[in-house]
Amino acid sequence: MLLTADIGNTNITLGLFDDDKYVNEFRLASDKDLSGEEYEILLKSLFKDYVITGCVIASVVEELNIKFKRAVDNVFGIRSVFVDCNVNLGIKISTDNPREVGADRLANAVAVSNRYKGAVIVIDFGTATTFDIINSKSEFLGGVIAPGINTQMKCLKNSTSKLPKIDVSISQRAVGHNTTEAILSGVIRGTACMVDGLIAQCEEELGEKATIIATGGYCGLIANYLKRPFDFVNPILTLEGLKEIYEMNTSASESLLEKSVQFTDV
């Protein structure tokens with residue numbers, strides 16, 4: 001089975017594939033304080049009933065890269081690989097500095113380029129809310145990075161003396177009749193307005209209408225307040241993209257492993 005690992009700023013999402021079948025998903029906290037040995041214990045517990053034969057990793061948390069790769073390799077007896085702009089992606093990265101693009105965003109771009117014709121905008125609702133823009137030539141052009149919903153909530157709580165910590169939930173009205181309603185309106189409805197506005201501006205710059213794909217934990221919540229609905233919602237889009245990248249590079253696995261050598265021989 002193939003293990004796909006998306007190391008984000010908040011969670012490590014672990015997806016398990018048996019050929020083309022998506023088998024299961026697990027989540028761990030992206031805890032920089034955990035040791036490699038502790039990650040090994042967690043992995044052994046989670047996957048004790050599975051036989052892992054390969055692993056592909058996307059990470060935006062450099063502090064976890066070495067220890068997490070070592071843990072995976074030690075537990076499963078494999079050589080896991082990292083995704084970056086140097087591996088075969090099947091798409092062109094047309095940004096000023098391709099090395100800056102997060103591996104999760106590359107995985108999103110690969111996943112949609114193989115599924116949809118024409119321009120595509122992927123909106124990923126995580127610690128950050130990101131837009132990944134792929135034109136009709138399957139070129140990744142870049143996108144948008146904004147604070148995610150939980151990040152906005154934490155910022156309000158930590159940066160003000162009187163605003164309370166509240167849980168993310170439905171915003172009942174635009175005009176808040178109390179502090180909680182006002183915060184929910186600003187964050188939830190405000191994010192939806194940002195999404196609507198930026199989709200229109202991105203399409204204007206693209207010069208064509210795009211297919212809008214949503215992923216990430218809060219896409220279902222935000223969908224309630226959009227003027228333009230998402231065309232598709234895919235909660236495992238990043239993991240599917242990682243699987244496709246792994247498969248594209250399987251025939252050239254030695255090359256892929258060599259490009260991951262900075263993490264392999266430590």
Side-chain angles (χ1 to χ4, degrees), residues 1-84 87-90 102-108 110-112 114-115 124 126-127 215-217 233-266:
M1 291 187 179
L2 176 66
L3 178 63
T4 56
D6 178 18
I7 303 178
N9 288 294
T10 303
N11 295 306
I12 302 173
T13 304
L14 303 167
L16 197 57
F17 289 88
D18 186 5
D19 292 327
D20 290 331
K21 182 181 179 182
Y22 186 64
V23 176
N24 212 338
E25 178 179 309
F26 304 89
R27 287 181 183 268
L28 299 173
S30 298
D31 191 342
K32 301 173 189 176
D33 295 327
L34 282 184
S35 67
E37 291 75 15
E38 289 172 310
Y39 273 113
E40 286 187 30
I41 292 171
L42 290 171
L43 290 170
K44 287 178 181 177
S45 175
L46 288 175
F47 298 101
K48 63 182 184 296
D49 297 325
Y50 302 99
V51 177
I52 307 300
T53 57
C55 177
V56 56
I57 303 169
S59 175
V60 296
V61 186
E62 290 187 3
E63 297 91 335
L64 288 178
N65 289 351
I66 293 175
K67 68 174 71 176
F68 189 80
K69 175 178 170 50
R70 280 179 174 170
V72 168
D73 292 358
N74 289 341
V75 170
F76 304 120
I78 60 176
R79 295 181 70 190
S80 54
V81 296
F82 278 82
V83 169
D84 60 27
V87 303
N88 177 23
L89 299 170
D104 55 338
R105 300 180 67 197
L106 295 176
N108 287 342
V110 169
V112 298
N114 293 330
R115 286 170 169 77
D124 194 338
T127 305
T215 190
V233 174
N234 184 347
I236 63 168
L237 183 73
T238 307
L239 302 179
E240 290 179 339
L242 289 177
K243 172 180 175 291
E244 291 175 21
I245 292 170
Y246 184 87
E247 291 172 344
M248 275 191 286
N249 287 273
T250 297
S251 60
S253 58
E254 289 302 317
S255 174
L256 181 59
L257 287 167
E258 287 171 5
K259 289 171 181 176
S260 299
V261 71
Q262 58 181 317
F263 303 117
T264 300
D265 299 322
V266 292

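Below, each value reflects all heavy atoms present in this structure, side chains not excepted, and no hydrogens, waters or symmetry copies. Start at 1 with the first residue, then count along the sequence.
- Under the 4.5 Å side-chain criterion, counting only non-hydrogen atoms from C-beta, Val61 is in contact with Lys32.
- Taking both residues in full, the closest heavy atoms of Asn24 and Tyr50 are given as ND2-OH, 3.3 Å, listed atom of the first, atom of the second, then distance.
- Residues Leu16 and Asp18 fail the side-chain proximity criterion, which asks for heavy atoms closer than 4.5 Å.
- Side-chain contact between Asp31 and Glu38 is absent, with no heavy-atom pair separated by less than 4.5 Å.
- Among all heavy-atom pairs drawn from Asn11 and Ala29, the shortest one is OD1-CA, 4.2 Å.
- Across every non-hydrogen atom of Ala103 and Ala58, the tightest pair is CB-CB, 3.6 Å.
- Here Glu240 contributes atom CD and Asn114 contributes atom CG; the two are 11.0 Å apart, rounded to the nearest 0.5 Å.
- Smallest separation of non-hydrogen atoms from Lys243 and Thr4: N-CG2, 4.0 Å.
- Side-chain contact between Thr127 and Val60 is absent, with no heavy atoms from C-beta onward closer than 4.5 Å.
- Put simply, the residue from Ile12, Asp73, Leu34 that forms a side chain to side chain contact (heavy atoms under 4.5 Å, CB included) with Phe68 is Ile12.
- Side chain to side chain, Asn108 and Thr238 meet the donor-acceptor criterion of an N or O pair below 3.5 Å.
- Nearest heavy atoms, Val81 versus Tyr246: CG2-CD1, 4.2 Å.
- Of all heavy-atom pairs spanning Gly15 and Leu239, the tightest one is CA-CD1, 3.7 Å.
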